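Heads up: the structure comes next, in structure tokens.
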Amino acid sequence: MEENKAEITESDQMESTLTTHQVPKRRQKGGIITMPFIIANESFERVASFGLIPNMIEYLMTEYNLGLTKGNNILYLWSAASNFMPILGAFLSDSYLGRFLTIGLGSIVSVLGTVLLWLTAMIPQAKPPPCNQLKGSCKSATTAQMALLVSSFAVLSIGAGGILPCSLSFGADQLAKGDNPRNARVLRSFFGLYYASQAISIMLAVTIIVPIQDHFRWKVGFGIPVILMFISAVSFFLASPFYIKQKAKKSLFTGFAQVIAVAYKNRKLAILNKSSSEMYHRGKNSPLIAPTEKLRCLNKACIIRDPKLEIALDGSASNPWCLCTIEEVEELKALIKVIPLWSTGIMVAISFSQSSFLLLQAKSMDRHITSSIEFPAASFGFFAIITLAIWVALYDRVILPLASKIRGKPVRLGAIQRIGIGIFLSCMALVVSAMVENIRRRKAIKQGFINNPNAVLDMSAFWLVPQYCLLGLAEAFNAIGQIEFYYSEFPKSMSSIATALLGLGMAVASLLASLIQSTVDNLTSRGGKESWVSKNINKGHYDYYYWLLAIMSFFNLLYFLAFQCSLQVTIFL
């Protein structure tokens, strides 16, 4: 018996030893190894996407024979869809698909979108014939031709909706390790690298893809984004075995909907002035005892009416559509609180969306750097990007220390102050745009080009640089200020909403920009008059249009100042 015992023990030890040697150690997932693949996916997607945008109005006007207003309206709707879809993508990612699957599907759909757009350039039957310059007649695109074009834009927007809201968070998932004391530093480095790669991608798009479109036209110019988007998708899937893939959980958007629905159901429920903390439903380990007094009508969503029916054994709500937590109520209140300030950014985004007018202006002006080197008309956006990058790089390291040294005490601009400065700068950019366009138009008429919008004036296109620099500064102040303000006002659980709000603001701005331009076009072209936003840049009055936007931007500044005053009064009280 003892011999048998010894044999069993020996065999167990041998089996254990064999198992140890034969079964490989489980590979740890996530970490720095995944970063190049995630950043490459986002970077190639950004180069491809931003490489398509600057020259697109020219493509629509020359290849599809569209007027400026109609072409711009299509681009505004494309921009609106591209900025709205990431909100839907974030919801699907958080609630159902998870970040890995959402990015993967978005990458595949983006490849399909670029292929469809490339086909509009490759297939002659996909667009109308060129205009007859002798007869002055242009044939409009057929329904099928427009359907293919619009489908490509729609598919690209859906693809962007999968990639944009998830890439940064997915990268953070790979690095976030609660037991690592250097975790915060690693994440900061990743965020810096991520945003630097974004800026570099946009600069590459403007300085490389756009000139290729100018010189080799659309077949090559749209073909390169197809290749880049394909590389973007492949680079993401290559590292699939190494990724940490978080499972989908409840979305914040679902929580907002539940709070509104439950508060409406309980609208007739009375709230006592001296209510007990036990009457409110708290989340697990929640530090909150009772909801705040602001927007009290929403507090009805977290009132417990019948604990036996509404509270499960684990302390959670039996039905989240009948009872919400205090945290969910306060999260919705935090979102509602920032809406007035968020709305001031819409007009700023409208001022950023006038790139089509700036492209036509640049094409009508002398763009020569030397006698043999010409700056691409669609690449003037480079000056806005480089201004933004330089300001962000110098703001904390040079400008604030220098200002503090001059004043003799620490100088720091708050988030709300920076948002206001951004609004003011965007207004000034529109004023400068109106003044430069007025000078350009008078020169065009004086040089006899009023009926020739394709003529190049004896006026340097680099007159447009100051307004681009002002727009870059406006974005540096306003957009970054908005994100900082949202992060300071929102609980940690709502950090992803900050970027979603910026995207939503740009989506609303695109729709309003389309409405404004269409209204101006309809009103100013009545009685056979030439529209302010005419296809013929020399006959139209783009300067008047810029002045109109500048006036609207000024009223937006007044609205912001009124909001700031009301905020200070609230804090004082």
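Everything quoted here is computed from the prediction, not taken from an experiment.
- When all heavy atoms of A378 and V210 are compared, the closest pair comes out as CB-CG1, 3.3 Å.
- Scanning both residues, L75 and M56, for their nearest heavy atoms gives CD2-CG, 3.4 Å.
- Between L335 and L501 the shortest side-chain heavy-atom distance falls below 4.5 Å.
- Closest of all the heavy-atom pairs between I38 and G171 is CD1-CA, 3.8 Å.
- Summarising the local packing, NZ of K219 is surrounded by 12 or fewer heavy atoms from other residues, nucleotides or ligands at distances under 6.0 Å.
- Both the sub-6.0 Å distance and the 45° axial angle are satisfied by K245 relative to the ring of F100.
- Taking CG of N55 as the reference point, atom CG of L359 lies at 6.0 Å (rounded to 0.5 Å).
- Put simply, the side chain of Q517 reaches to within 4.5 Å of the side chain of Y76, judged on heavy atoms.
- Judged by distance alone, with hydrogens and angles left aside, the side-chain atoms of Q213 form a donor-acceptor pair with the main-chain N or O of G51 at under 3.5 Å.
- Put simply, the side chain of L341 reaches to within 4.5 Å of the side chain of F485, judged on heavy atoms.
- Rounded to the nearest 0.5 Å, atoms CD (E45) and OG (S49) are 3.5 Å apart.
- Under the 3.5 Å distance criterion, the side-chain polar atoms of K247 are left unmatched by any main-chain donor or acceptor of G98.
- Two rings, from Y243 and F37, have their centers 6.0 Å or more apart.
- Distance check, rounded to the nearest 0.5 Å: OG of S353 to CG of L512 gives 9.5 Å.
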L156 vs L116, side chain to side chain contact (heavy atoms under 4.5 Å, CB included): CA-CA, chis, key distance, verdict: CA-CA 9 Å; L156 281 169; L116 286 175; over 6 Å; no

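- Considering only heavy atoms from C-beta on, I209 stays 4.5 Å or farther from L204 through its side chain.
- Evaluation of the side chain to side chain contact (heavy atoms under 4.5 Å, CB included) rule for L105 yields L97, L101 as partners, not counting sequence neighbours.
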Run the side chain to side chain contact (heavy atoms under 4.5 Å, CB included) check on Y395 and R418 step by step: do they pass? CA-CA 12 Å; Y395 179 70; R418 278 186 278 167; 3.9 Å; yes

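- The side chain to side chain donor-acceptor pair (under 3.5 Å) contacts involving residues 144-156 comprise T142-Q145, where partners must be two or more places apart or lie in separate chains.
- One finds no salt bridge joining E330 and K337 here, because no Lys/Arg side-chain nitrogen approaches an Asp/Glu carboxylate oxygen to under 4.0 Å.
- Within a 6.0 Å sphere centred on CZ of F352, other residues, nucleotides and ligands contribute more than 12 heavy atoms.
- In terms of modelled atom types and a separation under 3.5 Å, the side chain of S43 and the main chain of A40 share no donor-acceptor contact.
- Under the salt bridge (Lys or Arg N to Asp or Glu O under 4.0 Å) criterion, R397 pairs with no residue at all, not counting sequence neighbours.
- For M203, the side chain to side chain contact (heavy atoms under 4.5 Å, CB included) partners at least two apart in sequence or on another chain are F382, I385, I386.
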Any chance you could lay out the side chain to side chain contact (heavy atoms under 4.5 Å, CB included) test for W342 and L502, step after step, and finish with the verdict? CA-CA 8 Å; W342 165 80; L502 276 182; over 6 Å; no

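- Atom CG of L77 sits about 13.5 Å away from atom CZ of F84, to the nearest 0.5 Å.
- Partners of T207 by side-chain hydrogen bond (donor to acceptor under 3.5 Å, both in side chains), not counting sequence neighbours: none found.
- Side-chain contact annotation: Q258 with T254, donor-acceptor N/O pair under 3.5 Å absent.
- Side-chain atoms of R99 do not come within 3.5 Å of backbone N or O of S167 as any donor-acceptor pair.
- Considering all non-hydrogen atoms of both residues, R412 and L400 come closest at NH1-CD1, 3.3 Å.
- Between C324 and P320, the shortest heavy-atom distance links the atoms SG-O, 3.8 Å.
- Sorted by first then second residue, the side chain to side chain donor-acceptor pair (under 3.5 Å) pairs that include residues 370-383, not counting sequence neighbours, number zero.
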Residues 463-481, side-chain donor-acceptor partners within the protein, below 3.5 Å, at least two apart:
| unit_1 | atom_1 | unit_2 | atom_2 | d |
| --- | --- | --- | --- | --- |
| Q467 | NE2 | S433 | OG | 3.3 |
| N478 | OD1 | Q482 | NE2 | 2.8 |
| N478 | ND2 | I419 | O | 3.2 |

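- When all heavy atoms of S553 and M347 are compared, the pair lying nearest together is CA-CG, 3.8 Å.
- For W118, the CH2 atom counts as loosely surrounded, since its 6.0 Å shell holds 12 or fewer non-hydrogen atoms of other residues, nucleotides or ligands.
- Environment of NZ in K333: crowded, with over 12 heavy atoms of neighbouring residues, nucleotides or ligands closer than 6.0 Å.
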Atom pairs and distances, donor-acceptor, side-chain atoms in residues 228-237, under 3.5 Å, two or more places apart:
| unit_1 | atom_1 | unit_2 | atom_2 | d |
| --- | --- | --- | --- | --- |
| S232 | OG | N41 | O | 2.6 |
| S232 | OG | N41 | ND2 | 3.1 |
| S235 | OG | I231 | O | 3.1 |
| S235 | OG | S232 | O | 2.8 |

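- Side-chain polar atoms of S356 and N72 form a donor-acceptor pair below 3.5 angstrom.
- A search for side chain to side chain contact (heavy atoms under 4.5 Å, CB included) contacts involving Y96 returns F91, L92, not counting sequence neighbours.
- Taking the side chain as every heavy atom from C-beta outward, F222 and L119 never approach each other to under 4.5 Å.
- Scanning for side chain to side chain contact (heavy atoms under 4.5 Å, CB included) contacts around I212 gives I208, F216, V220, I224, with sequence neighbours left out.
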So R217 and E63, salt bridge (Lys or Arg N to Asp or Glu O under 4.0 Å) or not? Walk me through it. CA-CA 11 Å; R217 303 313 287 167; E63 300 295 321; 5.3 Å; no

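- Panel note: side chain E328, backbone T325; a donor-acceptor pair is recorded below 3.5 Å.
- Side-chain N or O atoms of R367 include one that pairs as donor or acceptor with a backbone N or O of F375 at under 3.5 Å.
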Side chain to side chain contact (heavy atoms under 4.5 Å, CB included) evaluation trace for I103 with F170: CA-CA 9 Å; I103 296 172; F170 188 67; 3.7 Å; yes

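- For Q354 (side chain) and S351 (main-chain N/O), no donor-acceptor pair under 3.5 Å exists by modelled atom type.
- Using a 4.5 Å heavy-atom cutoff, the side chains of F153 and L117 are in contact.
- With contacts defined as side-chain heavy-atom distances shorter than 4.5 Å, the pair N83/L504 does not qualify.
- Scanning for side-chain hydrogen bond (donor to acceptor under 3.5 Å, both in side chains) contacts around Y59 gives T120, with sequence neighbours left out.
- Using cut-offs of 30° and 60° on the angle between ring planes, the pair F253 and F256 is perpendicular.
- No side-chain heavy atom of T102 sits under 4.5 Å from any side-chain heavy atom of I163.
- Here N73 pairs with S514, S518 under the side-chain hydrogen bond (donor to acceptor under 3.5 Å, both in side chains) rule; sequence neighbours left out.
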